[in-house]
Number of protein chains: 2
Amino acid sequence: MTRATPAEDACTNALPTAALGGPVSHAVSRVARLHRIAAGKALKGVDLYPGQELLMMHLWDRGAVRQTELIRALELDPSTVTKMLQRLEQTGHVRRRPDPADRRAVLVEATDQSCALHTAVEAAWGSLEEHTLAGLDPAERTELVRLLAKVEENLCRETEDCPDRRGAASA
Amino acid sequence: MTRATPAEDACTNALPTAALGGPVSHAVSRVARLHRIAAGKALKGVDLYPGQELLMMHLWDRGAVRQTELIRALELDPSTVTKMLQRLEQTGHVRRRPDPADRRAVLVEATDQSCALHTAVEAAWGSLEEHTLAGLDPAERTELVRLLAKVEENLCRETEDCPDRRGAASA
DNA sequence: AACTTTACCTTGGTCGGCCAATGAATGGGT
DNA sequence: ACCCATTCATTGGCCGACCAAGGTAAAGTT
């Protein structure tokens, strides 16, 4: 009922209600989407799909880890990580082997082949960052980071499964 | 070669290189993901999946439109929209019919049934926005919107397929 | 009028990502 | 020792989103 007669929105509002009702939410979606596409382009040269680079970076960083490590670090669903790894394994970027210390766990590590990409990926990531922030002065960048962190906090709280700051000190 | 010997990263840096090399990029991914999950939860009650709500909002707003309209408004890939519509049609939220004026086009409109959700969806969207921005004062919110817009601009430029303000005078 | 380009949408395939449910191994209670 | 709860990982199903390619109809050219 609230619905305007189809033929009559001569006014043709440029702004969708979505943008009015939730400017930030809307902006976040759009930025994320564009950012992902940009990442995809930047990564096209290195045979990685957007999302995979973070996983690889973690492996390059920490060597052999078990899947749980990745799941917690990337904050992804277990099944997502499993599938990503299967694909990365098939493309030869990653190797998996059973953990001798725990027969239900799996150890994951980057292959030597993949290490060749390390530099390229970090360069791509860096240039992406630069591109993203073009035209923002240092103060603005800091502020953006701060605000995003706050928002993340909020959403994290809502989700209620946010990272209980990893014990870390570790064993 | 930068790779530390696997067994030796005793230091175990808490921050992944990704976060150091691209704090904002990293934050954007995370925030987007959390935001999407939150949206999913908020929408769970209304039988819509995250992403669909924006499409529906557009339909509620503008009545019957052709698919191209949606594609441009949501800035999505045509195939994405086609598939979303197929699903929305099957769940009875949307109806499609050929455009009498242009035999290759299709007109899409929200079903009456779906209109019942209109209010609920907007409420959900609004509360999501509020949740996202909890603890940010008005000035911060404004600033966040401004910064995100700038970033969007940047990424849009990169992508190079951003909405060339439809005027289309174009060529 | 005939031909070529352009626009509109669909299909098929691939990825990341989620949830729910399942199998295997570990660990804790009693 | 036994059983039950946890943890680790996988599978299957589904959705959003992309790209590439294809088919049909409308414009624009000649």
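Chain naming here is simple, since letters A, B, ... match the order of the sequence lines and numbering starts at 1 in each.
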Given atom [atom1] of [X] and atom [atom2] of [N], what is their separation to the nearest angstrom?
X     : N      : atom1 : atom2 : result
A:H35 : D:dC18 : NE2   : P     : 16 Å
A:K44 : C:dT14 : NZ    : P     : 16 Å
B:Q90 : D:dC14 : CD    : P     : 11 Å
B:K41 : C:dG17 : NZ    : C1'   : 15 Å
B:D99 : D:dA25 : CG    : C1'   : 12 Å
A:L34 : D:dG16 : CG    : C1'   : 15 Å
A:E69 : D:dA9  : CD    : C1'   : 15 Å
A:L43 : D:dA17 : CG    : C1'   : 17 Å

On DNA chain C, does the nearest nucleotide to A:D102 precede the nearest nucleotide to A:R36 from the 5' side, or the other way round? Give the residue.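 The 5'-side residue here is A:R36.
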Calculate, to the nearest 0.5 Å, the distance between atoms [atom1] and [atom2] belonging to [X] and [Y] respectively.
X      : Y     : atom1 : atom2 : answer
A:L76  : B:R33 : CG    : CZ    : 5.5 Å
A:H118 : A:M57 : NE2   : CE    : 6.5 Å
A:L43  : A:Q52 : CG    : CD    : 8.5 Å
A:R95  : A:L88 : CZ    : CG    : 13.5 Å

If Ile, Leu, Val, Met, Phe, Trp and Tyr residues are connected whenever their side-chain heavy atoms lie under 4.5 Å apart, and connections chain through other members, are B:V28 and A:V145 in the same group?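 They do share one cluster, since a chain of ILVMFWY contacts under 4.5 Å joins B:V28 to A:V145.
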Should [X] be listed as having a side-chain N or O under 4.0 Å from OP1 or OP2 of [N]?
X      : N      : result
A:S79  : D:dT10 : no
B:R96  : C:dT10 : yes
B:Q52  : D:dG16 : yes
B:Q67  : C:dT10 : yes
A:R104 : C:dG27 : no
B:R33  : C:dC18 : yes
B:R103 : C:dC9  : no
B:Q86  : D:dC15 : no

Using a distance-only test with no angle check, is there a side-chain donor-acceptor pair under 3.5 angstrom linking A:S25 and B:H35? yes
Out of [options], which nucleotide sits closest to the side chain of [X]?
X      : options                : result
A:M84  : C:dG16, D:dT11, D:dA17 : C:dG16
A:A105 : D:dC15, D:dA9, C:dC8   : D:dA9
A:V106 : C:dC19, D:dT10, C:dC15 : D:dT10
A:T82  : D:dA17, D:dT10, C:dC9  : D:dT10

Could you check whether A:I71 gets within reach of a base, just the sugar-phosphate, or nothing at all, counting any heavy atom under 4.0 Å? nothing
A:T68 or A:K83, whichever maps to the more 5' nucleotide of DNA chain D: A:T68
